[in-house]
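Down below is the structure, laid out as structure tokens.
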Amino acid sequence: MKAKYRILEVVNTPSLVGKTITINAWVRTKRESKNVAFVALNDGTVFDNLQVVIDVQKFDEELLKNISTGAGVGVTGKLVESQGKGQALEMVADSIVLYGPADPTTYPLQKKGHSLEFLREIAHLRFRTNTFGAVFRIRHHMAFAIHQFFDNKSFKYLHAPIITGSDAEGAGEMFHVTNFDLDHIPRTEDGKINFSEDFFGKETNLTVSGQLEGELAALALSEIYTFGPTFRAENSNTSRHLAEFWMIEPEMAFYDITDNMDLAEEFLKYLVNYALQNCRKDLQFLNDMYDKELINRLERVVQTPFVRLTYSQAMDVLLQSGKKFEFPVKWGVDLQSEHERFLVEEHFKNSVILTDYPREIKAFYMKQNDDGKTVKAMDVLFPQIGEIIGGSQREEDYDKLLARINEMGIPHKDMWWYLETRKFGSVPHSGFGLGFERLLLFVTGMKNIRDVIPFPRTPQNAEF
RNA sequence: UCUCCCUUAGCUCAGUUGGUUAGAGCAUCUGACUGUUAAUCAGAGGGUCCAAGGUUCAAGUCCUUGAGGGAGAGCCA
């Protein structure tokens, strides 16, 4: 018979009451009096702690002294209904194994609250807090839900390359990938770096987007998605940017911009609803501790249709609002954060999808509208965090795409394969990118993106 | 990269107009307590006031520079 259980199972298996089992976990707190001690154990499998009741007389004094906050222990005992309030079940300890003590005078985590900034500096230990246990359990469930959503729709999970030889997407500054001895970098006769001698025989970088490769696959498999790490070497110092983050990029053949919007909205609602259904305890904790409106906001997103309007219509709303903006509103300039926030948080009080942006402020691959001025772009704007999804219908017309590439001075040698898909069997298609950590910001109510990824990489910081 | 704010005990923070020996809560340690829930009660220990330089009889406090952190902006997801 199985004797070793996780707290998740203890919480969800009422029939275990009366049984003697073993729990391996870490000590959260200990409360002691002369004859009895109470130890709260947590193994991270679920938000709940398991209270262990210890008859002080039955155990070695030195052992009990080492059962302090942070210690790793295995406790065997009988599960009983709790005499005290605050928990339904508790365990009466028969034996205790101390795997590893945690010296209370140097262990940094205390019973009381710590600031998120301090916990960021001890990212190797912050998993052991209620907050980060909740955040990273939710992160897991969201990743799983993403695969489930697409699998339900028969989308194929595509692994786009992480090392890329093209700098064509222009999504941002890239990290170089090289095998050169940095003290002796080969040069050509005219003094430039000789990439032909490098590992790949050409200049290579870490990917800033898997979209272009995703399109190639979609134009054969019909519907695909990527979900992988993405790298931007921008010197961005904000609570919404990381140098290394995870991105989901679906790409669908035979989808126009409206199909694309429908999918994005369904996708986001599925994920938020999944969290509400499957991460309730963790969400409730985050709601109580950090953001009293969190669960209300999540429920509202699931229930309310997103507002859809064009960039031009949004311009009219902004102009007619009579509101003074730091950056003046004018057709043709990109929307600033303050404009997006006004639309989402003040005017519509709802999630918004904006479409048909001026072509000059959007990427080369977006499908050009007949008006000659706008492209079939779409951005999904969320309360609190702004742009959560950016996407578009792609330009499938070879001549128009080529003209745009020339216009923007993008080198053909990097793009020949992308252009060929428009030469052979080109069809209408669309896609978008969702920043995984931005989704998590929204779902968890955390305010800083560094607190929803285990080990954040930002300018001047790659610790751990 | 720009603007603003912060840096004092392990943690979170007070510290007045520049003025004697820099404080509190929590944590830690010691003791008390028959079932606790951020247990409670009593006591103890704990400081390079971020760094360097400067002004002054006197600097945690004022000035300059630097480092680290945060918020907002730009770039974007």
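Computed over heavy atoms, backbone and side chain alike; hydrogens, waters and symmetry mates excluded. Per chain, numbering begins at 1; letters A, B, ... match sequence-line order.
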ask   = How would you label the contact of Glu326(A) with the nucleic acid (heavy atoms, under 4.0 Å): base, sugar-phosphate, or nothing?
value = nothing
request  = Using the P atom as the reference point in each nucleotide, state the distance between G60(B) and G23(B) in Å, no decimals.
outcome  = 14 Å
ask   = Distance check: side-chain N/O of Arg450(A) vs OP1/OP2 of G70(B), anything under 4.0 Å?
value = yes
key: Neighbours of RNA chain B within residues 384-394 of chain A, by heavy-atom distance under 4.0 Å   = Glu387(A), Ile388(A), Ile389(A)
key: Which nucleotide in U36(B), C76(B), U12(B) has an atom nearest any side-chain atom of Ser82(A)   = U36(B)
message = Using a heavy-atom cut-off of 4.0 Å across all strands, would you classify Thr230(A) as base, sugar-phosphate, or nothing?
response = nothing
message = Is Asn448(A) close enough to A71(B) that one of its side-chain N or O atoms is under 4.0 Å from OP1 or OP2 there?
response = yes
query = Name the stems with RNA chain B in them: runs of three or more consecutive Watson-Crick or G-U pairs, distances under 3.5 Å?
reply = B:1-7 with B:67-73, B:10-13 with B:23-26, B:28-32 with B:40-44, B:50-54 with B:62-66
message = For the C1' atoms, the ones on C13(B) and on A73(B), what distance do you get once it is rounded to whole angstrom?
response = 29 Å
ask   = Within the modelled atom types, does a donor on one side and an acceptor on the other bring the side chain of Ser236(A) and the base of C76(B) under 3.5 Å apart?
value = no
request  = Whole angstrom is fine here: how far is it from CD in Gln57(A) over to C1' in G35(B)?
outcome  = 14 Å
inquiry  = Determine whether a donor-acceptor pair (one donor, one acceptor, N or O, separation below 3.5 Å) exists between the side chain of Gln460(A) and the base of G69(B).
reply    = no
task = Respond yes when some side-chain nitrogen or oxygen of Gln336(A) is under 4.0 Å from OP1 or OP2 of G74(B), and no when none is.
result = yes
inquiry  = Roughly how many Å apart are G19(B) and U61(B), using the C1' atom of each and rounding to a whole number?
reply    = 11 Å
Atom pairs, N/O to N/O, protein against nucleotides 24-34 of chain B, distance under 3.5 Å?
residue : atom : partner  : partner atom : Å
U30(B)  : OP1  : Lys65(A) : NZ           : 3.1

key: Span that lies between the P atom of C33(B) and that of A42(B), in whole angstrom   = 16 Å
message = If I take atom CZ in residue Arg240(A) and atom P in nucleotide G72(B), what distance separates them, rounded to the nearest angstrom?
response = 7 Å
query = Would the Phe227(A) and His147(A) ring centres measure less than 6.0 Å apart?
reply = yes
message = With rounding to the closest Å, how many angstrom separate the P atoms on U8(B) and G15(B)?
response = 14 Å
request  = Tell me whether the OP1 or OP2 atom of U40(B) has a side-chain N or O from Arg31(A) closer than 4.0 Å.
outcome  = no
ask   = Does a side-chain N-to-carboxylate-O contact under 4.0 Å join Asp451(A) and Arg126(A)?
value = yes
request  = Quote, to the nearest angstrom, the C1' distance that separates G18(B) from A58(B).
outcome  = 8 Å
key: Check: His114(A) side chain, C11(B) base, donor-acceptor under 3.5 Å   = no
key: base_contact_polar (G70(B) base, Glu117(A) side chain, donor-acceptor, <3.5 Å)   = no
ask   = Nearest of A71(B), C75(B), U36(B) to any side-chain atom of Glu234(A)?
value = C75(B)
